Amino acid sequence: MLVTTPPPALPEGLRGDYAAARPDFTVVQNMADYSDADHATWRALYGRQAECLRERAAAAYLAGLERLPFRDGVPDFAASSAVLRRATGWTLVAVPGLIPDDAFFDHLAQRRFPVTHWIRKPEELDYIVEPDIFHDAFGHVPMLAQPDFAEFLAAYGRMGAHAKRLGALKPLARLYWHMVEFGLLREDGRVRAYGAGILSSATETLHATESDKPRRLRFDPWRVLRSEYFIDDLQPTYFVIEDFSELYAAVDRLPALLEAARDAAPIPPGAAAEGDQPYRLTGEE
Ligand code: HBI
Ligand code: FE
(Lines give C-alpha, C1' and ligand atoms only; values in the text may rest on other atoms or scores of the structure.)
(Ligands and ions follow the chains in the order given, each with its own letter.)
Protein backbone atom coordinates (compact mmCIF):
# COMPACT_ATOMS: atom_id res chain seq x y z
CA MET A 1 0.00 0.00 0.00
CA LEU A 2 1.24 3.45 -0.89
CA VAL A 3 1.31 6.20 1.67
CA THR A 4 0.52 9.42 -0.18
CA THR A 5 0.34 11.88 2.70
CA PRO A 6 2.11 11.93 6.04
CA PRO A 7 0.42 9.35 8.28
CA PRO A 8 -2.10 10.75 10.78
CA ALA A 9 0.41 10.38 13.62
CA LEU A 10 2.43 13.25 12.10
CA PRO A 11 1.69 16.97 11.94
CA GLU A 12 0.11 18.23 8.71
CA GLY A 13 2.01 20.12 6.05
CA LEU A 14 5.35 18.32 6.28
CA ARG A 15 7.31 18.82 3.07
CA GLY A 16 8.85 15.35 2.66
CA ASP A 17 7.58 12.82 0.11
CA TYR A 18 6.09 10.11 2.33
CA ALA A 19 4.77 8.21 -0.71
CA ALA A 20 8.36 7.24 -1.56
CA ALA A 21 9.01 5.80 1.92
CA ARG A 22 9.28 2.13 2.84
CA PRO A 23 7.14 0.73 5.71
CA ASP A 24 9.92 1.66 8.17
CA PHE A 25 9.78 5.22 6.74
CA THR A 26 13.25 5.05 5.20
CA VAL A 27 13.97 6.34 1.69
CA VAL A 28 16.98 6.10 -0.61
CA GLN A 29 19.50 8.92 -0.36
CA ASN A 30 20.42 9.73 -3.94
CA MET A 31 23.47 12.02 -4.02
CA ALA A 32 22.68 12.98 -7.64
CA ASP A 33 19.45 14.65 -6.45
CA TYR A 34 21.33 17.42 -4.63
CA SER A 35 21.83 20.56 -6.71
CA ASP A 36 24.86 22.86 -6.59
CA ALA A 37 22.63 25.28 -4.69
CA ASP A 38 21.89 22.55 -2.08
CA HIS A 39 25.62 21.95 -1.56
CA ALA A 40 26.20 25.71 -1.32
CA THR A 41 23.47 25.96 1.34
CA TRP A 42 25.14 23.18 3.33
CA ARG A 43 28.56 24.86 3.08
CA ALA A 44 27.12 28.22 4.15
CA LEU A 45 25.49 26.65 7.21
CA TYR A 46 28.52 24.48 7.97
CA GLY A 47 30.99 27.37 7.71
CA ARG A 48 28.99 29.62 9.97
CA GLN A 49 28.23 27.01 12.63
CA ALA A 50 31.70 25.43 12.70
CA GLU A 51 33.15 28.85 13.51
CA CYS A 52 30.49 29.60 16.14
CA LEU A 53 31.00 26.21 17.83
CA ARG A 54 34.79 26.21 18.21
CA GLU A 55 34.62 27.57 21.76
CA ARG A 56 31.03 26.64 22.56
CA ALA A 57 30.47 22.98 21.65
CA ALA A 58 31.48 20.02 23.80
CA ALA A 59 34.88 18.54 22.88
CA ALA A 60 33.25 15.17 22.09
CA TYR A 61 30.96 16.83 19.55
CA LEU A 62 33.85 18.66 17.86
CA ALA A 63 35.89 15.44 17.76
CA GLY A 64 32.98 13.63 16.09
CA LEU A 65 32.48 16.45 13.59
CA GLU A 66 36.17 16.28 12.67
CA ARG A 67 35.92 12.56 11.82
CA LEU A 68 32.86 12.90 9.57
CA PRO A 69 32.91 13.89 5.87
CA PHE A 70 30.78 16.98 6.48
CA ARG A 71 32.96 19.85 5.32
CA ASP A 72 32.59 20.00 1.54
CA GLY A 73 28.86 19.73 0.92
CA VAL A 74 25.74 17.70 1.69
CA PRO A 75 27.11 14.49 3.26
CA ASP A 76 26.71 11.00 1.83
CA PHE A 77 25.07 8.82 4.50
CA ALA A 78 26.99 5.71 3.41
CA ALA A 79 30.35 7.41 4.02
CA SER A 80 29.21 8.84 7.36
CA SER A 81 27.81 5.46 8.42
CA ALA A 82 31.20 3.85 7.74
CA VAL A 83 32.80 6.23 10.26
CA LEU A 84 30.10 5.69 12.89
CA ARG A 85 29.97 1.93 12.47
CA ARG A 86 33.62 1.71 13.45
CA ALA A 87 33.22 4.13 16.36
CA THR A 88 30.01 2.95 18.04
CA GLY A 89 28.07 0.60 15.73
CA TRP A 90 25.59 3.26 14.59
CA THR A 91 24.51 3.87 10.98
CA LEU A 92 22.42 6.57 9.30
CA VAL A 93 19.18 5.97 7.41
CA ALA A 94 17.49 8.55 5.14
CA VAL A 95 13.90 9.59 5.96
CA PRO A 96 11.45 12.11 4.42
CA GLY A 97 11.35 14.15 7.66
CA LEU A 98 9.61 13.56 11.00
CA ILE A 99 8.46 9.96 11.26
CA PRO A 100 5.96 8.37 13.68
CA ASP A 101 7.18 7.67 17.22
CA ASP A 102 7.09 3.86 16.89
CA ALA A 103 9.28 3.87 13.78
CA PHE A 104 11.61 6.46 15.30
CA PHE A 105 12.14 4.49 18.53
CA ASP A 106 12.65 1.27 16.58
CA HIS A 107 15.41 2.81 14.46
CA LEU A 108 17.20 4.17 17.53
CA ALA A 109 16.97 0.81 19.31
CA GLN A 110 18.67 -0.75 16.23
CA ARG A 111 21.37 1.97 16.27
CA ARG A 112 20.05 3.51 13.06
CA PHE A 113 19.74 7.28 13.22
CA PRO A 114 16.99 8.68 10.93
CA VAL A 115 18.30 11.68 8.99
CA THR A 116 16.04 13.84 6.81
CA HIS A 117 17.46 13.70 3.26
CA TRP A 118 16.44 17.17 2.00
CA ILE A 119 18.02 20.52 2.78
CA ARG A 120 16.33 23.85 3.57
CA LYS A 121 16.00 26.70 1.04
CA PRO A 122 18.59 29.49 0.98
CA GLU A 123 16.05 31.91 2.52
CA GLU A 124 15.72 29.57 5.52
CA LEU A 125 19.36 29.65 6.66
CA ASP A 126 18.50 31.03 10.10
CA TYR A 127 15.35 29.16 10.94
CA ILE A 128 13.29 26.23 9.69
CA VAL A 129 10.24 24.71 11.35
CA GLU A 130 10.87 21.07 10.39
CA PRO A 131 14.16 19.26 10.90
CA ASP A 132 16.17 19.06 7.63
CA ILE A 133 19.48 17.35 6.82
CA PHE A 134 21.50 20.15 8.36
CA HIS A 135 19.77 19.85 11.72
CA ASP A 136 19.72 16.04 11.68
CA ALA A 137 23.23 15.41 10.34
CA PHE A 138 25.28 18.38 11.55
CA GLY A 139 23.35 18.65 14.82
CA HIS A 140 22.89 15.01 15.88
CA VAL A 141 25.35 12.79 14.06
CA PRO A 142 28.74 13.87 15.54
CA MET A 143 27.55 12.87 19.03
CA LEU A 144 26.79 9.35 17.76
CA ALA A 145 30.57 8.80 17.72
CA GLN A 146 30.72 9.34 21.52
CA PRO A 147 30.38 5.86 23.12
CA ASP A 148 28.40 6.79 26.26
CA PHE A 149 26.02 9.02 24.35
CA ALA A 150 25.63 6.37 21.63
CA GLU A 151 24.72 3.75 24.27
CA PHE A 152 22.23 6.10 25.87
CA LEU A 153 20.45 6.86 22.61
CA ALA A 154 20.00 3.17 21.74
CA ALA A 155 18.68 2.52 25.27
CA TYR A 156 16.35 5.48 24.83
CA GLY A 157 14.94 3.84 21.69
CA ARG A 158 14.38 0.59 23.58
CA MET A 159 12.30 2.50 26.17
CA GLY A 160 9.85 3.69 23.50
CA ALA A 161 7.55 0.68 23.42
CA HIS A 162 7.54 0.47 27.22
CA ALA A 163 6.65 4.16 27.59
CA LYS A 164 3.84 3.77 25.07
CA ARG A 165 2.34 0.88 27.06
CA LEU A 166 2.56 3.01 30.21
CA GLY A 167 0.95 6.00 28.52
CA ALA A 168 4.17 7.90 29.27
CA LEU A 169 5.30 9.03 25.82
CA LYS A 170 5.14 12.68 26.86
CA PRO A 171 7.66 12.35 29.68
CA LEU A 172 9.91 10.20 27.44
CA ALA A 173 9.79 12.87 24.69
CA ARG A 174 10.78 15.49 27.30
CA LEU A 175 13.94 13.53 28.02
CA TYR A 176 14.82 13.58 24.31
CA TRP A 177 14.00 17.25 24.00
CA HIS A 178 15.98 18.49 26.98
CA MET A 179 18.95 16.09 26.82
CA VAL A 180 19.33 15.16 23.12
CA GLU A 181 18.12 18.37 21.47
CA PHE A 182 19.11 20.94 24.10
CA GLY A 183 21.64 19.31 26.45
CA LEU A 184 24.57 21.18 27.97
CA LEU A 185 27.76 19.71 29.43
CA ARG A 186 30.10 21.14 32.03
CA GLU A 187 33.63 20.94 30.69
CA ASP A 188 36.70 22.53 32.31
CA GLY A 189 34.38 24.61 34.49
CA ARG A 190 32.52 26.02 31.50
CA VAL A 191 29.17 25.31 29.89
CA ARG A 192 29.46 23.64 26.49
CA ALA A 193 26.63 22.57 24.17
CA TYR A 194 26.11 19.04 22.87
CA GLY A 195 22.36 19.12 22.02
CA ALA A 196 21.47 19.15 18.31
CA GLY A 197 18.84 21.88 18.57
CA ILE A 198 21.51 24.15 20.02
CA LEU A 199 24.39 23.17 17.73
CA SER A 200 22.41 23.54 14.50
CA SER A 201 21.35 27.11 15.41
CA ALA A 202 23.69 30.10 15.80
CA THR A 203 21.17 32.04 17.90
CA GLU A 204 20.41 29.13 20.23
CA THR A 205 24.16 28.44 20.65
CA LEU A 206 24.80 31.95 21.98
CA HIS A 207 21.64 31.92 24.08
CA ALA A 208 22.39 28.51 25.63
CA THR A 209 26.09 29.03 26.37
CA GLU A 210 26.50 32.76 26.99
CA SER A 211 23.25 34.52 27.83
CA ASP A 212 22.27 35.12 31.44
CA LYS A 213 18.56 34.92 30.52
CA PRO A 214 17.91 31.14 30.57
CA ARG A 215 17.77 28.96 33.66
CA ARG A 216 20.55 26.34 33.73
CA LEU A 217 19.91 23.44 36.07
CA ARG A 218 21.88 20.43 37.17
CA PHE A 219 20.60 17.34 35.28
CA ASP A 220 18.01 15.46 37.30
CA PRO A 221 15.92 12.90 35.38
CA TRP A 222 12.88 13.35 37.63
CA ARG A 223 12.93 17.11 36.96
CA VAL A 224 13.51 16.65 33.21
CA LEU A 225 10.67 14.13 32.75
CA ARG A 226 8.17 16.64 34.18
CA SER A 227 9.50 19.69 32.29
CA GLU A 228 7.35 21.00 29.44
CA TYR A 229 9.00 22.87 26.56
CA PHE A 230 8.48 25.34 23.71
CA ILE A 231 9.18 23.94 20.25
CA ASP A 232 9.34 27.29 18.45
CA ASP A 233 11.32 29.64 20.69
CA LEU A 234 14.68 29.78 22.44
CA GLN A 235 14.64 27.47 25.44
CA PRO A 236 14.02 29.15 28.80
CA THR A 237 15.56 26.21 30.73
CA TYR A 238 18.57 23.99 29.98
CA PHE A 239 19.89 20.97 31.90
CA VAL A 240 23.62 20.50 32.46
CA ILE A 241 25.40 17.14 32.76
CA GLU A 242 28.97 16.64 33.99
CA ASP A 243 29.63 13.54 31.94
CA PHE A 244 27.81 11.60 29.18
CA SER A 245 27.71 8.51 31.41
CA GLU A 246 25.06 10.31 33.52
CA LEU A 247 22.55 9.91 30.71
CA TYR A 248 23.02 6.17 30.41
CA ALA A 249 23.01 5.83 34.21
CA ALA A 250 19.50 7.36 34.28
CA VAL A 251 18.11 4.65 31.97
CA ASP A 252 17.90 2.03 34.76
CA ARG A 253 15.58 4.28 36.73
CA LEU A 254 13.47 5.27 33.74
CA PRO A 255 10.63 2.71 33.97
CA ALA A 256 9.71 3.83 37.50
CA LEU A 257 10.34 7.51 36.81
CA LEU A 258 8.26 7.52 33.61
CA GLU A 259 5.28 6.11 35.43
CA ALA A 260 5.60 8.66 38.25
CA ALA A 261 6.13 11.54 35.79
CA ARG A 262 3.04 10.49 33.82
CA ASP A 263 0.96 11.03 36.99
CA ALA A 264 2.75 14.15 38.26
CA ALA A 265 1.90 17.78 37.55
CA PRO A 266 4.06 19.02 34.66
CA ILE A 267 6.40 21.97 35.18
CA PRO A 268 5.59 24.76 32.65
CA PRO A 269 8.37 25.91 30.28
CA GLY A 270 10.86 28.11 32.10
CA ALA A 271 9.24 27.71 35.52
CA ALA A 272 11.16 27.06 38.73
CA ALA A 273 10.53 23.89 40.73
CA GLU A 274 11.31 22.67 44.21
CA GLY A 275 14.78 21.16 44.50
CA ASP A 276 16.19 22.95 41.44
CA GLN A 277 19.97 23.14 41.49
CA PRO A 278 20.99 26.17 39.43
CA TYR A 279 24.28 26.03 37.63
CA ARG A 280 26.16 29.33 37.23
CA LEU A 281 27.92 30.04 33.93
CA THR A 282 31.35 30.72 35.37
CA GLY A 283 30.71 29.09 38.72
CA GLU A 284 33.09 26.69 40.43
CA GLU A 285 30.10 25.32 42.41
N1 HBI B 1 11.30 11.70 13.51
N2 HBI B 1 12.81 12.08 11.84
C3 HBI B 1 12.45 12.22 13.12
N4 HBI B 1 13.26 12.89 13.97
C5 HBI B 1 12.92 13.04 15.28
O6 HBI B 1 13.69 13.65 16.05
C7 HBI B 1 11.72 12.50 15.72
C8 HBI B 1 10.92 11.81 14.80
N9 HBI B 1 9.75 11.27 15.20
C10 HBI B 1 9.32 11.33 16.56
C11 HBI B 1 10.21 12.10 17.44
N12 HBI B 1 11.31 12.62 17.04
C13 HBI B 1 9.79 12.38 18.85
O14 HBI B 1 8.65 11.74 19.26
C15 HBI B 1 10.92 12.21 19.88
O16 HBI B 1 10.83 13.36 20.69
C17 HBI B 1 10.83 11.05 20.74
FE1 FE C 1 16.61 16.89 16.33
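This is a predicted model, so every value here is computed, not measured. Numbering of residues begins at 1 and proceeds along the displayed sequence. As the structure lists them, so they are numbered: ligands from 1, and atoms in each ligand from 1.
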Do you know which N/O/S atom name in His140 is closest to the Fe ion (ligand 2)? NE2
Atom 14 (O) of ligand 1: which protein heavy atom is closest, and how many Å away? Asp101 OD1, 2.5 Å
Heavy-atom distance under 4.5 Å between the side chains of Tyr229 and Phe182, does that happen here? no
Closest non-hydrogen protein atom to atom 9 (N) of ligand 1, residue and atom name please, with distance? Ile99 O, 2.6 Å
Which class fits the ring pair Trp90 and Phe113: parallel under 30°, tilted 30 to 60°, perpendicular over 60°? tilted
Ring-plane angle category for Tyr176 and Tyr156, please: parallel below 30°, perpendicular beyond 60°, tilted otherwise. tilted
May I ask which of Tyr156, Trp177, Phe104, Phe105 has a heavy atom nearer to atom 6 (O) of ligand 1 than the others do? Phe104
Does Arg190 reach the main-chain N or O of Arg186 with its side chain, forming a donor-acceptor pair under 3.5 Å? no
Ring centres of Tyr46 and Phe138 under 6.0 Å apart? yes
Looking only at protein heavy atoms, identify the closest one to atom 16 (O) of ligand 1 and say how far it is in Å. Tyr176 CD2, 3.8 Å
When you compare ligand 1 with Gly97, is there at least one nitrogen or oxygen pair between them that comes in under 3.5 angstrom? yes
For residues Trp118 and Tyr34, establish whether the separation of their ring centroids is below 6.0 Å. no
Tell me whether Asp136 has at least one N, O or S atom under 2.8 Å from the Fe ion (ligand 2). no
Measuring from the Fe ion (ligand 2), name the closest N, O or S atom belonging to Glu181. OE2
